[in-house]
Participant: 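I'd like to ask some things about the structure below.
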Amino acid sequence: MFPANSPPYNAISPPPTNRPMMTAAAAVAALKRSSPAQQSNQRRQSGSSSSSATPLHSVSRQGSVETERERSSTPHPANGEETTATNINEDQENESSTKGNANDPQQTQQDAEAEEEDENKEDLLEADMDAFMQAQMEKQKEDMKLLLENFSSEQLQRYEGYRRSALNRTNVRRLVSQVLNQQCSQTMAIVVAGFSKVYVGEIVEKAREVMEEWGHTGAIRPEHLREANRRYKQEQSAASSVGKKLTVMR
Amino acid sequence: MSDQKEKDAPAQTKETGSGPGRRKTVRKGMFAKDLKLLMYGFGDVSNPASDSIAVMDDLVINYITDMCQEAAKVAESRGKVRVEDFKYVLRKDKKKIGRVEELLYMNDDIRRAKQLFDEKEMDPADEAP
């Protein structure tokens with residue numbers, strides 16, 4: 001059996017709490033007063049795979065799950081040890097554990113990793129991804145339960161609106177088919193509707209911020225939305241010009 | 001392109017015809033009903049202003065169009081656009097890419113559960129005396 005700690009990529013196996021997670025987790029973490037040590041762990045782990053410098057314990061009001069995309073970094077050797085509920089994971093684990101049996105525990109960890117890594121890298125990663133996602137979702141559910149207990153009735157209503165609402169999939173499909181001039185699959189419609197909902201959320205949140213800045217109250221007006229959109233576009237272009245020289249602040 | 005505006009009489013999308021004869025119109029007010037609830041869920045008042053909804057509708061349609069065009073650019077050599085192209089376009093945006101992965105994962109999960117359920121349905125039928 002391979003030891004749990006595998007240099008050089010991860011010092012710790014993916015702990016669900018340290019991922020940049022949804023608001024609920026952030027809120028519950030605030031409720032439980034998470035330690036700064038978790039943030040530094042998260043930074044270490046996200047450093048290798050994603051390009052973010054800041055730990056995204058985002059205090060935004062959206063509830064989107066951000067998964068740690070570890071494909072590029074983790075050759076996690078805990079192949080036979082993870083127990084997952086899904087069939088596909090079990091198949092992959094069987095595959096990788098039979099190969100693991102061929103390499104005796106007496107063999108050095110590095111040899112085993114070198115041999116297995118190339119062959120099983122994708123399988124391992126997928127098994128890990130699924131196992132990890134499941135762990136993350138479990139944690140998420142618990143956090144949400146705790147948070148929901150503390151919601152006022154108005155908050156509960158709003159939360160229900162947030163969860164239940166979605167863009168009409170048929171319309172999305174029609175729109176995408178038209179723009180792309182090709183038949184849009186169900187999956188693609190689901191994906192597009194999904195991230196468009198996130199977009200709506202970001203714009204509405206920004207509009208709320210704008211309203212606060214301008215000292216307005218009540219319903220969101222079109223001008224807030226337009227200003228929010230303008231800022232959103234600005235941030236997008238700012239984010240993509242990270243590598244270039246910015247001569248703005250001179 | 002001007003044909004679209006001429007045929008744009010009713011505000012609702014009532015025709016669902018298919019085939020080469022159908023009108024390929026993108027109606028304005030496409031997402032009005034959904035956006036009402038959506039905006040409330042994300043922080044607006046329980047009855048968002050109708051002009052705000054219209055603006056949001058425009059923004060969303062533009063956004064989807066832009067994203068699709070970006071994805072098409074990425075998939076130019078391949079011709080057809082796939083879900084991976086969208087994932088590439090969204091690579092910088094953590095929230096969105098996370099949401100997309102979550103959705104795809106849940107989609108697979110549901111599919112697997114359905115398959116499992118169907119298999120279980122079959123087995124007892126086979127074994128029944």
Side-chain angles (χ1 to χ4, degrees), chain A residues 20 50 52 56 58 60-62 64-67 69 86-88 130 133 157-168 171-172 174-176 178-180 182 185 187-188 190-192 194-205 207-208 218-222 224-226 229 239-240, chain B residues 13 16 24-27 30-31 33-49 51-52 54-56 59-61 63-65 67-69 71-72 79-83 86-87 90 92-105 107-109 112-113 115-116:
Chain A
S50 61
S52 72
L56 282 179
S58 58
S60 81
R61 270 160 272 155
Q62 289 188 11
S64 57
V65 173
E66 300 176 2
T67 59
R69 299 192 287 141
T86 58
N87 286 342
I88 290 186
D130 280 349
M133 281 214 75
Q157 275 191 341
R158 198 180 286 273
Y159 181 69
E160 182 187 348
Y162 157 70
R163 285 297 292 256
R164 287 188 146 189
S165 56
L167 293 177
N168 187 326
N171 281 342
V172 168
R174 216 174 276 159
L175 178 58
V176 171
Q178 185 177 345
V179 174
L180 292 179
Q182 74 184 52
S185 62
T187 318
M188 194 175 290
I190 291 177
V191 164
V192 172
F195 69 68
S196 304
K197 180 173 171 182
V198 178
Y199 169 76
V200 170
E202 287 182 343
I203 295 292
V204 170
E205 279 187 17
R208 274 289 176 209
I220 297 182
R221 312 270 340 125
H224 304 134
L225 290 173
R226 291 192 208 281
N229 190 32
S240 61
Chain B
T13 5
T16 46
K24 289 185 183 180
T25 353
V26 174
R27 315 258 186 192
M30 219 178 186
F31 296 116
K33 291 218 135 195
D34 314 300
L35 277 179
K36 208 163 183 227
L37 194 52
L38 206 42
M39 286 174 78
Y40 170 57
F42 277 120
D44 204 351
V45 291
S46 40
N47 256 329
D51 42 2
S52 301
V55 169
M56 194 74 227
L59 289 177
V60 165
I61 292 181
Y63 178 72
I64 294 181
T65 309
M67 284 295 145
C68 289
Q69 286 174 344
K80 212 174 182 210
V81 177
R82 304 222 167 277
V83 180
F86 280 106
K87 281 210 233 173
L90 291 174
K92 294 282 176 68
D93 195 331
K94 289 187 187 300
K95 274 190 202 159
K96 301 209 183 66
I97 194 68
R99 180 64 178 161
V100 166
E101 294 195 6
E102 180 190 11
L103 284 173
L104 288 172
Y105 173 77
N107 202 15
D108 280 347
D109 218 10
R112 273 180 247 153
Q115 282 178 354
L116 198 58

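Basis for what follows: all heavy atoms, side chains included, without hydrogens, waters or symmetry-related copies. The sequence lines fix the lettering, A, B, ..., with proteins before strands; numbering per chain opens at 1.
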Participant: Looking at every non-hydrogen atom in both residues, tell me the closest pair between D34(B) and A166(A) and how far apart they are.
Facilitator: CB-O, 3.2 Å
Participant: I'd like to verify something: which residue of V83(B), T65(B), V81(B), V55(B) has the highest number of heavy-atom pairs under 4.5 Å with chain A?
Facilitator: V81(B)
Participant: Restricting to pairs with a member in residues 36-47 of chain B, which pass side chain to side chain donor-acceptor pair (under 3.5 Å), not counting sequence neighbours?
Facilitator: K36(B)-N47(B)
Participant: In sequence, state the C-alpha distance, the side-chain angles, and the governing distance for M56(B) and I220(A), and then conclude on side chain to side chain contact (heavy atoms under 4.5 Å, CB included).
Facilitator: CA-CA 11 Å; M56(B) 194 74 227; I220(A) 297 182; over 6 Å; no
Participant: Would you say the side-chain atoms of E205(A) pair up with the backbone N or O of G43(B), donor to acceptor, closer than 3.5 Å?
Facilitator: no
Participant: Looking at every heavy atom in both F42(B) and V204(A), which two are closest together, and how far apart are they?
Facilitator: O-CG1, 3.7 Å
Participant: Using a 4.5 angstrom heavy-atom cutoff, name the option from D108(B), L104(B), D51(B) with the most pairs to chain A.
Facilitator: D51(B)
Participant: What's the verdict on side chain to side chain contact (heavy atoms under 4.5 Å, CB included) for Y199(A) and L59(B), showing C-alpha distance, side-chain angles and the deciding distance?
Facilitator: CA-CA 10 Å; Y199(A) 169 76; L59(B) 289 177; 3.9 Å; yes
Participant: With a 4.5 angstrom heavy-atom cut-off, could you sort out which part of V100(B) is near chain A: side chain, backbone, both or neither?
Facilitator: side chain
Participant: Side chain, backbone, both or neither: which part of N107(B) has an atom under 4.5 Å from a heavy atom of chain A?
Facilitator: side chain
Participant: Heavy-atom distances under 4.5 Å only: say whether D93(B) touches chain A with side chain, backbone, both or neither.
Facilitator: side chain
Participant: Would a 4.5 Å heavy-atom cut-off, applied to side chains only, mark K95(B) and F195(A) as touching?
Facilitator: no
Participant: By a 4.5 Å heavy-atom criterion (distance strictly below it), what part of Q157(A) contacts chain B: side chain, backbone, both, or neither?
Facilitator: both
Participant: Please examine the side chains of L180(A) and Q69(B), heavy atoms only from C-beta on, and report whether any two atoms are closer than 4.5 Å.
Facilitator: no
Participant: Where do V45(B) and R208(A) come nearest, in terms of heavy atoms and distance?
Facilitator: N-NH2, 3.8 Å
Participant: Do F31(B) and V200(A) pass the side chain to side chain contact (heavy atoms under 4.5 Å, CB included) test, and can you show the C-alpha distance, the side-chain angles, and the key distance before you say yes or no?
Facilitator: CA-CA 12 Å; F31(B) 296 116; V200(A) 170; over 6 Å; no
Participant: Do you know the tightest heavy-atom contact between G194(A) and L103(B)?
Facilitator: CA-CD1, 3.5 Å
Participant: Tell me, for I190(A) versus chain B, whether the close heavy atoms (under 4.5 Å) come from the side chain, the backbone, both or neither.
Facilitator: both
Participant: What is the minimum heavy-atom distance between V198(A) and K96(B), and which atoms define it?
Facilitator: CG1-CG, 3.9 Å
Participant: Measure across I64(B) and S196(A) and return the closest heavy-atom pair with its distance rounded to 0.1 Å.
Facilitator: CG1-OG, 3.4 Å
Participant: Given that the side chain runs from C-beta out, which part of N229(A) has a heavy atom under 4.5 Å from chain B: side chain, backbone, both or neither?
Facilitator: side chain
Participant: If I take atom NZ from residue K197(A) and atom CG from residue L35(B), how far apart are they, to the nearest 0.5 angstrom?
Facilitator: 11.5 Å
Participant: Select one option (side chain, backbone, both, neither) describing which atoms of L38(B) are under 4.5 Å from chain A's heavy atoms.
Facilitator: both
Participant: Among V192(A), L167(A), T187(A), which has the most heavy-atom pairs under 4.5 Å with chain B?
Facilitator: L167(A)
